[in-house]
Amino acid sequence: MDNRRTATRPGLSDLRRVNFARRAPAALSGLVGPQYGAVTLPLHLAWSGLATFDLDQPRLRMSYSRIVLAEGLQDDLVRFLNRNLLVSLWPTLRTLVSRDVREVWETSFAELAHEAQAAA
């Protein structure tokens, strides 16, 4: 087996990070989704159960945000995430998403990295 080829081949985590980075918006200010009320996610996002989330309920707000971050394409992220809500939830939300999502978003958006450090 050629170790040089194996050593340079990206791992699954690397590929996931590239995928999440491609989907991320250019700026948090572009996230214009709802902050309050009931929101129904399309099937390609909420494919495994609950599809309508009451953003006035803390647990549902967290679940909704986690699903959109993990499953959303760039258009979904812009449409369903809200900048102010995401920033306020980030210190807790960052513990609920995968390490790949967390690292991409904190690397891409200094504001989220700052929120994570401030909460630590």
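Connection of L50 to L41 is established within a shared hydrophobic cluster, with ILVMFWY side chains joined at heavy-atom distances below 4.5 Å, either directly or through further cluster members.
For the side chain to side chain contact (heavy atoms under 4.5 Å, CB included) test with Y36, the passing option among D56, D54, N82, L85 is D56; the others fail.
When all heavy atoms of F109 and P25 are compared, the closest pair comes out as CZ-O, 3.2 Å. What you find for S65 and L89 is that their closest heavy atoms are OG-CD1, 3.6 Å. Considering all non-hydrogen atoms of both residues, T40 and F80 come closest at O-CE2, 4.1 Å. The two atoms that bring A113 and E106 nearest to each other are CB-O, 3.6 Å, heavy atoms only. When all heavy atoms of L55 and P34 are compared, the pair lying nearest together is CD1-O, 3.7 Å. Nearest heavy atom pair, residue G30 against residue V78, reads O-CG1, 3.1 Å.
Judged as a side chain to side chain donor-acceptor pair (under 3.5 Å), and not counting sequence neighbours, R61 has no contacts. Under the ring pair (Phe, Tyr, Trp, His ring centres under 6.0 Å) criterion, W90 pairs with no residue, sequence neighbours left out.
Under a 4.0 Å N-O distance rule, the pair R94/E115 does not qualify as a salt bridge.
Annotation: side chain of E71 is not in contact with side chain of D76 (no heavy-atom distance under 4.5 Å).
With values rounded to the nearest 0.5 angstrom, R16 atom CZ is found 11.0 Å from E103 atom CD. Here CG of L69 is found 9.5 Å from CZ of R23. Values are rounded to the nearest 0.5 Å. Here the OG1 atom belonging to T92 is positioned 4.5 Å from the CE atom belonging to M62, to the nearest 0.5 angstrom. Considering CG of D100 and CH2 of W105, their distance stands at 14.5 Å, rounded to 0.5 Å. Interatomic distance, CD of Q57 versus OG of S63, reported as 11.5 Å (0.5 Å rounding).
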### Task
Please report the C-alpha distance between L86 and L112 in whole Å, then the side-chain angles of each, then the deciding distance to 0.1 Å, and finally whether the side chain to side chain contact (heavy atoms under 4.5 Å, CB included) criterion is met.
CA-CA 9 Å; L86 181 66; L112 295 180; 4.3 Å; yes
### Query
R17 and D14: salt bridge (charged side-chain N to carboxylate O under 4.0 Å, His left out), yes or no, with the steps?
CA-CA 5 Å; R17 284 188 193 119; D14 297 321; 3.8 Å; yes
#### Entry: Verdict with supporting geometry, L81 and L28, side chain to side chain contact (heavy atoms under 4.5 Å, CB included)
CA-CA 9 Å; L81 292 178; L28 290 181; over 6 Å; no
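Judged purely by distance below 3.5 Å, without hydrogens or angles, the side chains of R102 and T95 never pair a donor atom with an acceptor atom.
R79 CZ: 12 or fewer foreign heavy atoms inside a 6.0 Å radius.
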